[in-house]
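Below is one structure; the comments refer to it alone.
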Amino acid sequence: MKHLLKLEDWTTEEIINTLNLADQLKYEQKHGIEHKLLKGKTLGMIFEKSSTRTRVSFEVGMTQLGGYPLFLSSNDLQIGRGEPVEDTARVLSRFLDGIMIRTFEQSEVEALAEYGSIPIINGLTDYCHPCQVLADLMTIREFKGKLEGLKMCFIGDGNNMMNSLIVGALSTGMSFSAACPEGYMPPQHIIEFGEEYGKDKFQIVHDPIEAAKNADVVYTDVWASMGQEEEKKIREAAFAGYQVNAELMAVTNPECMVLHCLPAHRGEEITADVFEAHANEIFEEAENRLHAQKAVLVECMADNVLKQDND
Ligand code: CP
Ligand code: NVA
């Protein structure tokens with residue numbers, strides 16, 4: 001059973017194969033070539049947090065693959081009233097062919113996989129955002145023609161985005177640097193994951209300019225993630241200066257890309273001028289959520305299709 005619970009569960013080969021399939025599916029979609037690889041399959045999409053990109057791209061992607069997406073809000077599900085995830089997993093496994101879930105705790109996603117009997121795809125937790133990073137890597141490859149040897153720099157919070165970017169960048173041959181304020185570093189085991197690649201490949205500092213030197217890709221994300229709304233004021237103070245702006249871009253490599261998972265807060269983590277100067281990259285990145293996730297859906301769910309067809 002193949003899941004996408006977090007990116008570190010996948011090998012480099014699995015990541016690259018998915019990026020290759022995503023490129024192929026993007027080509028087929030753009031050229032009107034039918035690719036109904038999940039015909040008749042149903043994906044349940046559980047959302048315990050808001051979403052624009054993840055919801056629409058999974059819903060459209062599943063439809064383009066010939067399957068059926070089912071939007072399940074935690075406000076409506078019994079899970080929102082306390083039904084255990086272990087029971088929800090066993091019930092939904094009897095109706096659905098796969099589940100995409102966006103929630104708070106990573107342990108909830110892991111429990112769905114443990115107790116369910118269908119593929120589980122993580123559509124964002126407080127810990128990680130693997131689907132976003134697959135789309136990010138796809139976009140970098142599209143603009144730069146490669147990943148190996150490029151330097152990614154992340155400015156801001158040691159959050160779900162940064163955790164998955166560290167894993168995704170280092171596993172595919174990129175180097176990774178970041179600038180985070182004191183107290184907002186990624187978890188220790190993610191730092192240890194990075195440190196195994198050596199100081200040349202992985203560095204976290206407090207000074208954004210130092211981190212951005214010679215970067216080929218600059219990445220940033222909001223200062224306060226979903227669920228941290230009450231910390232907004234404290235975070236605004238902590239992250240002042242951790243901004244992607246013209247001064248920071250001046251020390252990067254020529255033709256440096258800027259990526260943002262979105263939604264963006266202009267004037268906070270990124271200035272409006274840098275955002276607009278790189279809008280073509282940022283919105284291609286957003287589009288690539290569709291293609292990358294279609295590849296993930298096929299990787300995780302198409303085996304079931306083949307197995308059932310052969311029965
Ligand atoms: N980047 C991202 O996951 O966007 P949504 O929150 O709109 O899904
Ligand atoms: N770190 C952000 C990412 C949104 C796609 C959040 O969790 O809200």
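Atoms within each ligand, like the ligands themselves, are counted from 1 in listed order. Below, each value reflects all heavy atoms present in this structure, side chains not excepted, and no hydrogens, waters or symmetry copies.
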Assess, by modelled atom type and distance only, whether the side chains of [X] and [Y] contain a donor and an acceptor separated by less than 3.5 Å.
| X | Y | value |
| --- | --- | --- |
| S177 | Q203 | no |
| Y219 | E285 | yes |
| R266 | T271 | no |

Criterion salt bridge (Lys or Arg N to Asp or Glu O under 4.0 Å) on D126 and K49, from CA distance to verdict: CA-CA 11 Å; D126 292 345; K49 288 176 174 172; 2.6 Å; yes
Does L262 approach ligand 1 within less than 4.0 angstrom via side chain, backbone, both or neither, non-hydrogen atoms only?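 It is the backbone that touches ligand 1; the side chain stays farther off.
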Using a heavy-atom cut-off of under 4.0 Å, does the side chain or the backbone of Q132 touch ligand 1, or both, or neither? side chain
Looking only at distance, does R55 have an N or O less than 3.5 Å from an N or O of ligand 1? no
Please determine if L124 has a nitrogen or oxygen closer than 3.5 Å to a nitrogen or oxygen of ligand 1.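 Between L124 and ligand 1, no N or O pair is found under 3.5 Å apart.
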Can you find an N or O of [X] that's nearer than 3.5 Å to an N or O of ligand 2?
| X | result |
| --- | --- |
| S225 | yes |
| N160 | yes |
| D221 | yes |

Working for salt bridge (Lys or Arg N to Asp or Glu O under 4.0 Å), residues E255 and K144: CA-CA 9 Å; E255 309 297 321; K144 296 284 189 190; over 6 Å; no
Please say whether more than 12 non-hydrogen atoms of neighbouring residues, nucleotides or ligands are located less than 6.0 Å from [atom1] in [X].
| X | atom1 | value |
| --- | --- | --- |
| E229 | CD | yes |
| E247 | CD | no |
| F143 | CZ | yes |

Ligand 1 to T52, heavy atom cutoff 4.0 Å, flagged ligand atoms 5 (P), 7 (O), 8 (O)
Which of the atoms in ligand 1, numbered in the order shown and given with their element, are less than 4.0 Å from a heavy-atom of H129?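 Once the distances to H129 are compared, the set is 2 (C), 3 (O).
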Which residue holds the protein heavy atom closest to [atom], what is that atom called, and what is the gap in Å?
| atom | result |
| --- | --- |
| atom 4 (O) of ligand 1 | R53 NE, 2.8 Å |
| atom 2 (C) of ligand 1 | R289 NH1, 3.2 Å |
| atom 6 (O) of ligand 1 | R102 NH1, 2.8 Å |

Distance filter under 4.0 Å to [X] heavy atoms, resulting ligand 2 atoms:
| X | answer |
| --- | --- |
| M226 | 6 (C), 7 (O), 8 (O) |
| N159 | 1 (N) |
| L124 | 3 (C), 4 (C), 5 (C), 7 (O) |

Looking at Y127, is K6 sitting on its ring face, NZ or CZ under 6.0 Å from the six-membered ring centre and within 45 degrees of the normal? no
Centre of F47's six-membered ring, under 6.0 Å away, within 45 degrees of the axis: is that where NZ or CZ of R55 sits? no
Is it true that L262 lies under 4.0 Å from ligand 2, counting heavy atoms only?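 Yes, L262 has a heavy atom closer than 4.0 Å to ligand 2.
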